[in-house]
Trainee: 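Handing you this structure, nothing more for now.
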Amino acid sequence: MIFVEARSETHWYHEWVAVFVALSLTVVTASILLAAMGLEPVSSLQRILIRPLNSVYGVSELIAKATPLITIGVALALGFRAGVWNIGAEGQLVMGGLCGGAVALAFWGVDGFWVMPLVLLGGSLGGLLWGAIPAFLKVRFNANEILVSLMLTYVAILLLSVMVHGPLRDPDGFNFPESRLLHEAATLPKLFSAGRGHLGFIFAIFFALLGTWMVKRWHLGFEMRVTGLSLSAAKFAGYSRDRTVWTALLIGGGVSGFAGVVEVTGNIGQLVPNISPSYGFTAIIVAFLARLHPMAVIPAGLLVALSYLAGEAAQLSLGIPAASTQVFQGLLLFFLLGTSLLVNYRVRFGRVT
Amino acid sequence: MTDSVANKKRLSASSKRCIGVRGLTKYFGDFAANSAVDLSVDEGEIHALLGENGAGKSTLVKMMYGILKPDSGDMDLSSEPYSPDSPSHAKRAGVGMVFQHFAVFDALTVLENIALGLEGKFPGAELAAEISELCERYRLHVELDRRVHDLGAGERQRVEIIRALMQDPRLLILDEPTSVLTPQETEQLFATLGRLSDEGRSIIYISHKLDEVRALCDRATLMRAGRIIDVVDPRQESTRSLGEKMIGERLKETKRGKIKKSSNGKARLTVRVGEVYPESSRSVALRDLYLSVAPGSILGISGVSGNGQDRLFDVLSGEITLPNPDSIMLDDLPIGHMGVEQRRALGMLGAPENRLGHAAVPDLTLWENIILTARHTRGILTNKHLISGPAARRFADEVIQTFDVRTSSVNAKASSLSGGNLQKFLIGRELLGRPKVFIVSNPTWGVDAKAQLFIHKMLIQMADAGASIVLISQDIDELLSISDRICAVCHGRLSRTYPTVETTPDYLGALMLGQEVDS
């Protein structure tokens, strides 16, 4: 007989064991699938998972993709712990990119060490404002933040589109819906000689550290967690739900906005109608992969970024369809969520005694 | 309770056996909920199952009613082998059960609820006539076309009993039937059970109220840790000796000693509120809240559950604030407008009824749960914003050591503790904060006798240290044994307050039903 029993205490390493098991199962299942397609599994996996990282360029590309995922993932993990379901990080990212980009264009051609911080601040405030709308509506009218933040995403994307087709369009750009290229002082430095990895990655690591500290030591972080777990216990403790809603959405909005402006200034270098391949939505997956631990968001973000690279590599070097990326991502998610059972429960083999 | 029932002559000892149980054993994982349990109940007998929470009483009757399947052992019913697969099988064999938590649908009428419990019956005039006849016979009064959500606890229970009786059972099992009843309603229930037993029907009566068992039952089987300890005639035993057998050690008296009067005899906490309006149509409006508690004294507030106790607790704890600051005074300070945190800073602490999800967060560890209410003490919160984990762990450890909380460590989740241990932890958390005023609601609800004793001692210790305690409870014995003065809440209205020494259970029952008695 196999028994599944609740653990009375959980240890930190249980989560990592679960993740390790999930990764192993994903690799095994992927090998079986590859073999079924007539490919030799070991060398194929080596081609799509290892080779993309075999060069400075590859690592740099990985980091470029992981940067927004980690930055936003940390902020969302904090909010989700509080039970505040900010689904609109994509819109907050777009607003950050738009506002930060607008600041950079306003100071176009101006040099000075203060330009870059000002651009980043502008982007963060843009996202903050976009996060403040669902927060206000939730606190004032008890409007569902999932719907409001999600809908605002489409508003933000359309607003960006209007701006790059109109006021922010490059006057010498042959009417293409694009802004001018940002100048040197408003561009984040690259980290490597090759690829698109940029300084934003260092910021992302910093956010993960800050988030970890906040969860462990900051009382407001604890307050948010209690509110998320049990509203009436939070009330008895004297914690305010409104404060939690505001904090979660302002952090989510501000940090997503920051990720947006970093994407524009570090990666794209100008404003275009589409500045994000749904990083804001993918970051939700990243946050849950990390089991809402800010520190674990780093490997989770890198892993999801790798799955994008692997998909591209599979298409190029193995000739299998791009949809295989989604199959691998799906396998990974499936096993990760499945093994999460092991965190709170243990499996015992044996007989009734 | 009533002598008429207590002294009623039962059928002679030569009567036939109704149900017999031999060597019944049931495991949950490694835990033996029942091991080799033997039980025999005669026809027409009212048989008590006595034991602490977790002694295995419910497991035993669930096996008799076909909800659980025994791992080993066998049963017979009226001399025939009996092994029910499901409750409907048990019902057909003639076993009925009334649960502790009522299984009735609020939105349906009484008639519809009864019809639902019977296979192949429709809630029409024919069934209504049948039910009316049955009600007549047992003098159970309920209006068939009323909706269940309008009914009180006693009436809901009657619906369940009628539903069980419609099956014409040979054996009726009642699981803690009086825990939600007033003394008057309890008396009515006992009269009904007496009539059933006179007809030769057997009754298994689960309770941990020893007085009731002595008044009602012919024999009592005592269980402890899944085993049968003894089978006794409860009338030959005192409440005390029964209690000792049940919990396995001597009960100590928990009566309050002499009340220490404060130097000037002035009230510590004074509440003067005419009305607190409800937030929604479902919650009860509070009226005429006039009470005062002196330092070192315990004020008991009795009442049947659902009469506004939850909101009363919230008003006192500060989870609901009042517009007029003067409506609640702590010594000479108006605090009606203050929230939980401000009141706590002034020494007003509390322990709400719902332990998991209100007093504590189930998924957090014990030391994290310390932070909820004790964060402003002992350096748990350094410079207002940072949590010191070691300080909170030390505090949790001190609570565990001081109040004998049985748990693996401070890292155990609150949800992993048993009700009694968690309550000791939660009251201990507040007690170490030296409360000036302590508001507590149903502190021993679902807690075994030993932990109950310990919790009563903690409250008395707190009062002896000079705290004013407001004890909101549904347990009349608890109120009569440890409070100094008593009042009752009914439909949100608070009665006058009387000294406990001048109160009897009957008197208190009248107050709980909203009848003001002139003293």
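By convention in this document, chain letters (A, B, ...) are assigned in the order of the sequence lines, proteins followed by strands, and residues within each chain are numbered from 1.
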Trainee: May I ask you to check whether over 12 heavy atoms, not counting those of R227(B), lie within 6.0 Å of atom CZ?
Mentor: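 Incorrect, the count does not exceed 12.
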
Trainee: Is the closest basic N to carboxylate O distance between K69(B) and D85(B) below 4.0 Å?
Mentor: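 A salt bridge links K69(B) with D85(B).
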
Trainee: Measuring from atom CD1 of I146(A) to atom CH2 of W85(A), what distance do you get when rounded to the nearest 0.5 angstrom?
Mentor: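 Answer rounded to 0.5 Å: 7.5 Å.
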
Trainee: Begin from the C-alpha positions of E319(B) and K235(A) and carry the test salt bridge (charged side-chain N to carboxylate O under 4.0 Å, His left out) through to its verdict.
Mentor: CA-CA 6 Å; E319(B) 283 166 76; K235(A) 222 172 151 195; 5.5 Å; no

Trainee: Between F141(A) and F136(A), how do the two ring planes meet: parallel, tilted or perpendicular, split at 30° and 60°?
Mentor: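 Judged by the thresholds at 30° and 60°, the geometry between F141(A) and F136(A) is perpendicular.
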
Trainee: If you look only at pairs with a residue in residues 335-347 of chain B, which of them pass as a side-chain hydrogen bond (donor to acceptor under 3.5 Å, both in side chains), with sequence neighbours excluded?
Mentor: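 Pairs touching residues 335-347 of chain B that pass the test: E341(B)-R375(B), E341(B)-H376(B).
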
Trainee: Find the distance between CD1 (I284(A)) and CZ (F80(A)) and round it off to the nearest 0.5 Å.
Mentor: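 I284(A) CD1 to F80(A) CZ: 5.0 Å, rounded to 0.5 Å.
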
Trainee: Sort by residue number and list every residue of residues 390-399 of chain B having at least one heavy atom under 4.5 Å from chain A.
Mentor: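 No residue falls under the 4.5 Å cut-off.
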
Trainee: Tabulate, in ascending numerical order, the residues of residues 356-374 of chain B having at least one heavy atom closer than 4.5 Å to a heavy atom of chain A, or enter 'none'.
Mentor: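 Listed by number: G357(B), H358(B), A359(B), A360(B), V361(B), D363(B), L364(B), E368(B), I371(B), L372(B), T373(B).
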
Trainee: NZ of K62(B): more than 12 outside heavy atoms within 6.0 angstrom?
Mentor: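 Check fails, neighbour count at 12 or below.
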
Trainee: With sequence neighbours excluded, what pairs up with L220(A) under the side chain to side chain contact (heavy atoms under 4.5 Å, CB included) test?
Mentor: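 With neighbours one apart ignored, the set is W218(A), E223(A), R243(A), T247(A).
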
